[in-house]
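In what follows, a structure is listed as structure tokens, so that the remarks can point back to it.
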Amino acid sequence: MDFMKPETVLDLNNIRQALVRMEDTIVFNLIERSQFYLSPLVYKSNYVRIPDFDGSFLQWTLLQQERIHSQVRRYEAPDEEPFNPTKLLPSLLPPVNYPKILANYSKEVNVNEEIYQFYVENIVPKISCKEGDQLENLGSVAVSDIECLQSISRRIHFGKFVAEAKFQLDKQLYTKLIKEKDIESIEKSITNSAVEQKILERLVDKSRSYGTDPLMRYSQNPQSKVDPEIIVKLYKEFIIPVTKKVEVEYLLRRLEDTQ
Ligand SMILES: O=C(O)C(=O)C[C@]1(C(=O)O)C=C[C@@H](O)C=C1
């Protein structure tokens with residue numbers, strides 16, 4: 001997929017291949033995070049005193065990283081959404097002239113707040129190796145969390161490309177459903193249960209093999225670093241439904257853009 005060539009980005013097969021590739025990144029990032037303790041101090045407001053900042057150590061670290069990355073154009077890319085969209089810095093590099101792929105309002109479709117909250121409250125407690133903090137690892141935990149958050153965010157916001165591709169494939173149907181604000185039928189029409197099922201099956205294999213020492217894989221009790229069930233559940237109950245939410249949110253506004 002090449003963002004300078006819209007036809008490659010709006011090909012549903014290419015999009016699905018990219019989503020499959022992102023599974024690897026997400027599974028690896030979760031495995032990395034699983035070696036650390038729960039680390040509540042990373043998420044506690046103002047535990048680390050930082051001048052002129054009100055929030056948690058993770059929020060501060062994420063903001064600093066996004067500010068630097070905004071200076072190298074990260075969030076100008078159509079497949080990257082920031083967690084701090086109002087606090088970024090201007091790019092030091094000249095803008096890239098991406099051809100138009102998504103609708104003009106696409107950067108306004110941003111569900112990162114929901115992803116952040118769900119990650120901290122529901123994912124970290126399930127994957128971390130132990131309760132409590134290891135004070136020497138607070139920085140490593142925050143850095144690892146950022147990798148997890150950004151890979152999950154990129155995957156979920158890819159829903160915009162899926163939605164645009166589906167809109168282009170059946171403009172007549174979607175125009176009708178959008179005009180009628182028929183959310184239920186839009187949801188139904190973007191759902192492909194067979195694709196979802198395949199994702200969940202593949203994730204069992206991936207989390208088993210990526211999370212197991214290859215020499216131990218064939219022993220009686222191979223120990224997975226992250227329980228495959230947790231990753232499957234995460235996709236089933238959060239990542240896929242929120243990707244669909246992004247698709248619906250994007251589609252509901254699609255007639256604002258006449259192209
Ligand atoms: O591949 C698609 O058609 C998508 O819409 C993406 C996705 C997903 O999140 O992976 C979401 C909804 C579909 O039911 C299947 C898969």
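All ligand and atom numbering here is 1-based and tracks the order in the structure. Computed from a predicted structure; not experimentally measured. Residue indices begin at 1 and follow the sequence shown.
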Could you work out, with side-chain hydrogen bond (donor to acceptor under 3.5 Å, both in side chains) as the rule, every residue matching K245, not counting sequence neighbours? E114

Near ligand 1 (heavy atom, under 4.0 angstrom), the protein residues are R16, R155, V162, K166, I190, T191, N192, V195, E196, I199, I240, T243, K244, E247

Do the non-hydrogen side-chain atoms of Q172 and T175 ever get within less than 4.5 Å of each other? no

Quick one: are N46 and D54 in side-chain contact, heavy atoms under 4.5 Å? yes

Who pairs with F57 by ring pair (Phe, Tyr, Trp, His ring centres under 6.0 Å), at least two apart in sequence or on another chain?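 None.
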
Would you kindly confirm whether V48 and V143 end up in one hydrophobic cluster when ILVMFWY residues are joined by side chain heavy atoms under 4.5 Å apart?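 Hydrophobic grouping puts V48 apart from V143.
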
Got a sec, which residues hit side chain to side chain contact (heavy atoms under 4.5 Å, CB included) with L12, two or more places apart in sequence or on another chain?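 By the side chain to side chain contact (heavy atoms under 4.5 Å, CB included) rule, L12 matches I15, R16, V162, A165, K166, L169.
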
